[in-house]
2 protein chains.
Amino acid sequence: MPRGRKRDENAQKRVLDSTFELVGSGTPGKVSINEIAAAADVAKQTIYRWWPSRTAVILDALVVGTMKATPFPETNDIKADFEAHLRTVIRLFNSPTGQIVREMLAEAQTDATIGDEFRTRFWQPRRDLSRARLERGVELGLIRNDIDYEIVLDAIYGPLWTRLTIGHLPLTSAHATKITAALWPGIADPNPG
Amino acid sequence: MPRGRKRDENAQKRVLDSTFELVGSGTPGKVSINEIAAAADVAKQTIYRWWPSRTAVILDALVVGTMKATPFPETNDIKADFEAHLRTVIRLFNSPTGQIVREMLAEAQTDATIGDEFRTRFWQPRRDLSRARLERGVELGLIRNDIDYEIVLDAIYGPLWTRLTIGHLPLTSAHATKITAALWPGIADPNPG
DNA sequence: GAATAACCAGACCCGTAGTCTCGATATTCG
DNA sequence: CGAATATCGAGACTACGGGTCTGGTTATTC
């Protein structure tokens with residue numbers, strides 16, 4: 001048995017919750033570690049004992065707080081599945097989580113390590129799910145077997161990503177349908193079965 | 001005639017050049033104003049006399065250094081025009097300019113004012129050109145007249161933007177062709193003429 | 001030659017990420 | 001119980017960057 005005082009799991013949770021709340025609340029400007037510590041009612045040192053940097057805390061808050069937020073339905077209507085999935089992503093991007101994603105993205109632009117972690121822990125899992133669904137569609141004969149998966153995935157998520165990060169136009173759930181509709185002619189198998 | 005010493009246009013140019021060079025060189029981490037001042041051989045105060053903030057300097061360096069970098073060819077083959085345009089954008093994103101764009105994007109995520117300026121001075125001009133080209137295609141009967149321009153534009157630039165900012169996969173000029181090919185079935189007028 | 005405004009150099013202020021110290025509190029083992 | 005260990009909170013401290021201010025100098029106009 002390890003000696004010494006036990007780690008306060010509750011404090012850890014308060015840190016992540018406060019981080020999610022503060023960063024996600026759309027407060028203009030960056031959220032400082034001091035603010036997080038104060039909001040979580042925790043000493044700064046306690047944060048740095050368990051996370052290596054401010055950004056690591058935020059990424060954890062993002063991943064933990066989004067664990068089960070973008071499910072991928074699995075029916076035989078793959079197009080409808082994608083629409084439904086995109087709607088959940090859109091809802092996510094318009095929620096506090098979207099704000100946290102933007103913050104992580106910002107950090108990732110000038111810190112390659114953060115970029116790696118962001119991709120590994122947030123981006124790739126969703127993308128892998130989506131790719132698997134495309135592959136399944138090919139098996140079922142619903143999707144052309146000569147598509148370039150990575151290109152199609154970029155085309156699916158790219159529009160959402162662009163609106164989230166550029167903010168040139170709002171992102172509404174109607175876009176799930178519009179994007180799917182725009183892409184499907186190039187994806188659907190013209191000779192199904 | 002205004003009294004006093006004239007503004008040193010050359011110093012201004014050195015600032016923008018040094019900024020472009022430093023930020024674009026892919027040096028990991030942020031470039032500080034002190035570094036820019038030193039590289040441009042200019043006093044820090046001289047920079048702040050002509051620009052309101054560090055970010056404003058970088059945005060200026062971006063816009064000035066990219067003025068004529070993404071031309072849009074105009075032939076009767078609109079699809080080919082788009083491919084050519086995308087190739088220039090891809091080349092741009094893979095050049096030092098891409099690094100500067102990422103830096104600006106990062107700042108824009110936590111500063112709405114910067115976001116506005118970035119959109120107005122960098123993003124929208126290219127997008128407007130592109131939209132005009134789409135509209136022309138509709139006039140010529142090459143493009144469906146029921147497309148949602150904004151959705152199509154997002155679909156065109158989204159994949160490039162995603163690869164630049166996420167970096168999950170490399171962005172090569174071959175993507176210009178692939179993206180256009182993937183989108184065109186949903187764009188081209190099925191009954192041309 | 002006086003007034004003006006830019007220039008360089010560098011001190012200075014302030015806020016933030018991250019470290020360090022210290023005294024208090026849990027927990028385990030003997 | 002008491003020694004050893006590891007956490008905790010509080011807050012001082014360092015390092016550094018954005019941005020301001022001061023002061024001495026130089027160019028320009030009247």
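Residue numbers start from 1 in every chain, and the chains themselves are labelled A, B, ... in the order their sequence lines are given, proteins ahead of strands.
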For a quick test of reading the model, state the closest non-hydrogen atom pair linking B/R144 to B/A188 and the distance between them. CG-O, 3.1 Å

Any side-chain donor paired with an acceptor under 3.5 Å for B/D154 and A/H175? no

Determine: side-chain N/O of A/W50 to OP1/OP2 of D/dC8, distance under 4.0 Å, yes or no. yes

Closer to the 5' end of DNA chain D via nearest nucleotide, is it B/P52 or B/P2? B/P52

Below 3.5 Å, does any donor atom in the side chain of A/K44 face an acceptor in the base of C/dG18, or the other way round? yes

Considering only C/dT25, C/dC7, D/dG17, which nucleotide approaches the side chain of B/T46 most closely? C/dC7

Do side-chain atoms of B/T66 reach the backbone of B/L62 as a donor and acceptor pair under 3.5 angstrom? yes

Between the base of D/dG17 and the side chain of B/K30, is there a donor and acceptor pair under 3.5 angstrom? no

Distance in angstrom units between A/R5 CZ and C/dG23 C1', rounded: 12 Å

Nearest-angstrom distance from the residue atom CD of B/E107 to P of D/dG17: 14 Å

Closer to the 5' end of DNA chain D via nearest nucleotide, is it A/R7 or B/Q45? A/R7

Counting side-chain heavy atoms from CB outward, which of D/dG9, D/dG19, D/dG17 is closest to B/Y48? D/dG19

Whole angstroms only, please: what is the CD1-P distance between A/I47 and D/dA10? 12 Å

Looking only at D/dC8, C/dG18, D/dT25, the nucleotide nearest the A/D8 side chain is D/dC8

Using a cut-off of less than 4.0 Å, is there contact between a side-chain N or O of B/R54 and OP1 or OP2 of D/dG17? no

Under a plain distance cut-off of 3.5 Å, with no hydrogens placed, do A/S130 and A/Y157 share a side-chain donor-acceptor pair? yes

NZ/NE/NH1/NH2 to OD/OE distance under 4.0 Å, A/R14 and A/D41: no

For C/dT28, does the base pair up with any side-chain atom of A/R3 as donor and acceptor (N or O, under 3.5 Å, distance only)? yes

D/dT29 OP1/OP2 closer than 4.0 Å to side-chain N/O of B/K6: yes

Short side-chain N/O contact from B/R49 to OP1 or OP2 of C/dC7, under 4.0 Å: yes

